[in-house]
Amino acid sequence: MINRLDELIGEYNTPFFNYLLYSYDLSLNECESIIDELKEDISSSKVVSDNIVSTLDAYFKSKVADLEKREKLKYLDGLISEDNDFYIKYLKKYDLPADDISLIRERVESKIIADNITDFEIKRYLEYYFSNSLKQISYINDLNGIVGNNYDTLLIQNQKKTYPILRDRDIVDIVFAIHGEIIEAREFKNGIKNEFKRQCMIRSEDKKAKCRKNLNRFVVDSGDSFSKLVEFKGLEKRDGEIIVSQIMDDISKGLVQPEMIDGVFITRRFNDYNERQ
């Protein structure tokens, strides 16, 4: 593979090398460095291919993207420097502390690394995050008010009463999810309190849907196993339907957790039904 690569590149003067050089707008030194890295990856079996031409082209695209990202990260650092014209004109007025600016930089950096965003988009994201920073502080304060000292506020207790299927872990996950959306500079037009209540409702309905899916797996998707269980317990088909209806009713009330519904749970409900009869 390396021999074929050497044929294509030659003494860095072949038509294919010139294609790489000019197509990706690289310097001679950058091209040589990328080719040397490819040879190292081939030697260590990191790169294996039957088509060296397409491999070389793809390798250049990847490395060029990495180079671009590194340059954009330098560009980003320049934009948020206190003596930079862009910072002075568009960002300084927000008077953000260093920690907030560092957090914003991390967000924009992640977008550069993930999506290789343009220089224009880098500026746009900086302006967006800086302008939303004060609102974010307000959102976080509101969220902290919901959490209280130990997730023990009246609002949380009311939501757990309204949606009995919610457990402490669900509440923590919801709070973390909202916090993450605040960090991503999402706007909450109806406020954090209403967003928290909305997500509690959604989490409750999602868990109920999982309960129904799990129940369906034992009643419908198990073939004739459920019918055999009904027969084994000395019950009629109608009795089995009543038991399933009762379980569905408990699910609707939020009294059953998805992970509770298994073979043991179903059998126990049959036993309880028999005892009542």
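Note: hydrogens, waters and symmetry copies are ignored here, and every other heavy atom, side chains too, is used.
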Where the side chain of N132 meets the backbone of K135, is there a donor-acceptor pair that is under 3.5 Å apart? no
Taking atom types as modelled, is there a side-chain donor on Y151 or D168 under 3.5 Å from an acceptor on the other? no
Has the side chain of S204 got a donor or acceptor atom that lies under 3.5 Å from a matching backbone atom of C200? no
So which heavy atom on K237 is nearest to which on V230, and how close? N-CG1, 4.2 Å
Is E127 salt-bridged to R124, going by a charged N under 4.0 Å from an acidic O? no
Find out whether C211 and I165 are in side-chain contact, i.e. whether some heavy atom of one side chain is under 4.5 Å from a heavy atom of the other. yes
Dump the intermediate steps for side-chain contact (heavy atoms from CB on, under 4.5 Å) on F196 and I156, then the final yes or no. CA-CA 9 Å; F196 175 74; I156 288 178; 3.9 Å; yes
Okay, side chain of D41, backbone of K46: is any donor-acceptor separation there less than 3.5 Å? no
Any chance the side chains of N158 and K197 put a donor and an acceptor closer than 3.5 Å? no
How about K210: does its NZ atom have over 12 heavy atoms from other parts shown lying under 6.0 Å from it? no
Count the heavy atoms belonging to other residues, nucleotides or ligands that lie under 6.0 Å from CZ of F176, then report whether that count exceeds 12. no
Taking the six-membered ring where the residue is Trp, are the ring centres of F226 and F270 under 6.0 Å apart? yes
Between E30 and S33, is any pair of side-chain heavy atoms under 4.5 Å apart? no
Enter the distance from E71:CD to I112:CD1 here, rounded to the nearest 0.5 Å. 11.5 Å
Okay, side chain of E181, backbone of R186: is any donor-acceptor separation there less than 3.5 Å? no
Has R203 got its NZ or CZ under 6.0 Å from the middle of the six-membered ring of Y163, at an angle within 45 degrees of the ring axis? no
In Å and rounded to the nearest 0.5 Å, what is the CZ to CD1 distance from R238 to I243? 11.5 Å
One thing to verify: whether D249 and K253 come together as a salt bridge, which I'm taking to mean a side-chain N less than 4.0 angstrom from a carboxylate O. yes
Can you measure from CZ (F218) to CG (N214) and round to the nearest 0.5 angstrom? 7.0 Å
Are the side chain of D77 and the backbone N or O of K74 linked by a donor-acceptor pair below 3.5 Å? no
Student check: side-chain heavy atoms of K189 and E195 closer than 4.5 Å: no
Is there a side-chain contact between K63 and L67 in this structure, where contact means two heavy atoms from C-beta onward sitting under 4.5 Å apart? no
Same cluster or not: are L103 and L91 linked, directly or through other Ile, Leu, Val, Met, Phe, Trp or Tyr residues, by side-chain heavy atoms under 4.5 angstrom apart? no
So, S44 side chain and E40 main chain: donor-acceptor pair closer than 3.5 Å or not? yes
Distance-only, no hydrogens or angles: does the T267 side chain make a donor-acceptor pair with backbone N or O of G263 under 3.5 Å? yes
Whether D170 and K207 form a salt bridge (side-chain N of Lys/Arg under 4.0 Å from carboxylate O of Asp/Glu) is what I want to check. yes
Do you reckon L5 sits in the same ILVMFWY cluster as Y12, going by side-chain contacts under 4.5 Å, direct or chained? yes
Atom CG in L96, atom CG in D100: separation rounded to 0.5 Å? 5.5 Å
Any luck finding a side-chain donor-acceptor pair between K89 and N84 under 3.5 Å? no
Determine whether D119 and Y75 satisfy the following criterion, side chain to side chain donor-acceptor pair (under 3.5 Å), listing intermediate values before the conclusion. CA-CA 8 Å; D119 290 354; Y75 178 68; 4.9 Å; no
Check the pair D272, R268 against salt bridge (Lys or Arg N to Asp or Glu O under 4.0 Å), reporting the backbone distance first and the verdict last. CA-CA 6 Å; D272 292 343; R268 187 165 59 246; 5.3 Å; no
For K228 and E231: C-alpha separation, side-chain torsions, deciding distance, then whether salt bridge (Lys or Arg N to Asp or Glu O under 4.0 Å) applies. CA-CA 5 Å; K228 288 182 178 179; E231 183 180 344; over 6 Å; no
Please check: side-chain N/O of N141 versus main-chain N/O of I137, any donor-acceptor pairing under 3.5 Å? yes
For the pair D250 and R269, find out whether any cationic side-chain nitrogen is under 4.0 Å from an anionic carboxylate oxygen. yes
E106: salt bridge (Lys or Arg N to Asp or Glu O under 4.0 Å) partners, not counting sequence neighbours: none
Test of understanding: clusters of I, L, V, M, F, W, Y form through side-chain heavy atoms closer than 4.5 Å, transitively. Do Y128 and L126 belong to the same one? yes
If we only count heavy atoms from C-beta on, is the I251 to I261 side-chain gap below 4.5 Å? yes
Determine whether T153 and Q157 make a side-chain contact, defined as any pair of heavy atoms from C-beta on separated by less than 4.5 Å. no
Would you find a donor on one side and an acceptor on the other, under 3.5 Å apart, between the side chain of D115 and the backbone of I117? no
Spatial distance of atom CD (E187) from atom OH (Y139) [nearest 0.5 Å]: 5.0 Å
Close side-chain approach of K111 to Y125, heavy-atom, < 4.5 Å: yes
Dump the intermediate steps for side-chain contact (heavy atoms from CB on, under 4.5 Å) on I35 and F60, then the final yes or no. CA-CA 8 Å; I35 291 169; F60 260 73; 3.9 Å; yes
Can you tell me how the ring of F130 sits relative to the ring of Y94, calling it parallel under 30°, perpendicular over 60° and tilted otherwise? tilted
Any side-chain to backbone donor/acceptor pair from R167 onto P164? Under 3.5 Å, distance only. yes
Ionic contact status for E82 with K92, cut-off 4.0 Å: no
Testing the basics here: between R212 and S252, what is the closest heavy-atom pair and its distance to 0.1 Å? NH2-OG, 3.9 Å
Cut-off 3.5 Å, no hydrogens considered: what does the side-chain donor-acceptor table look like for residues 16-26, sequence neighbours left out?
{"residue": "N18", "atom": "ND2", "partner": "T14", "partner atom": "O", "Å": "3.4"}
{"residue": "Y19", "atom": "OH", "partner": "D57", "partner atom": "OD1", "Å": "3.4"}
{"residue": "S23", "atom": "OG", "partner": "Y19", "partner atom": "O", "Å": "2.6"}
{"residue": "Y24", "atom": "OH", "partner": "D57", "partner atom": "O", "Å": "3.3"}
{"residue": "Y24", "atom": "OH", "partner": "D57", "partner atom": "OD1", "Å": "2.6"}

To the nearest 0.5 Å, atom CZ of R70 lies from atom CD1 of I113 at 11.0 Å
Answer whether the closest heavy-atom distance between the side chains of E7 and R4 falls below 4.5 Å. yes
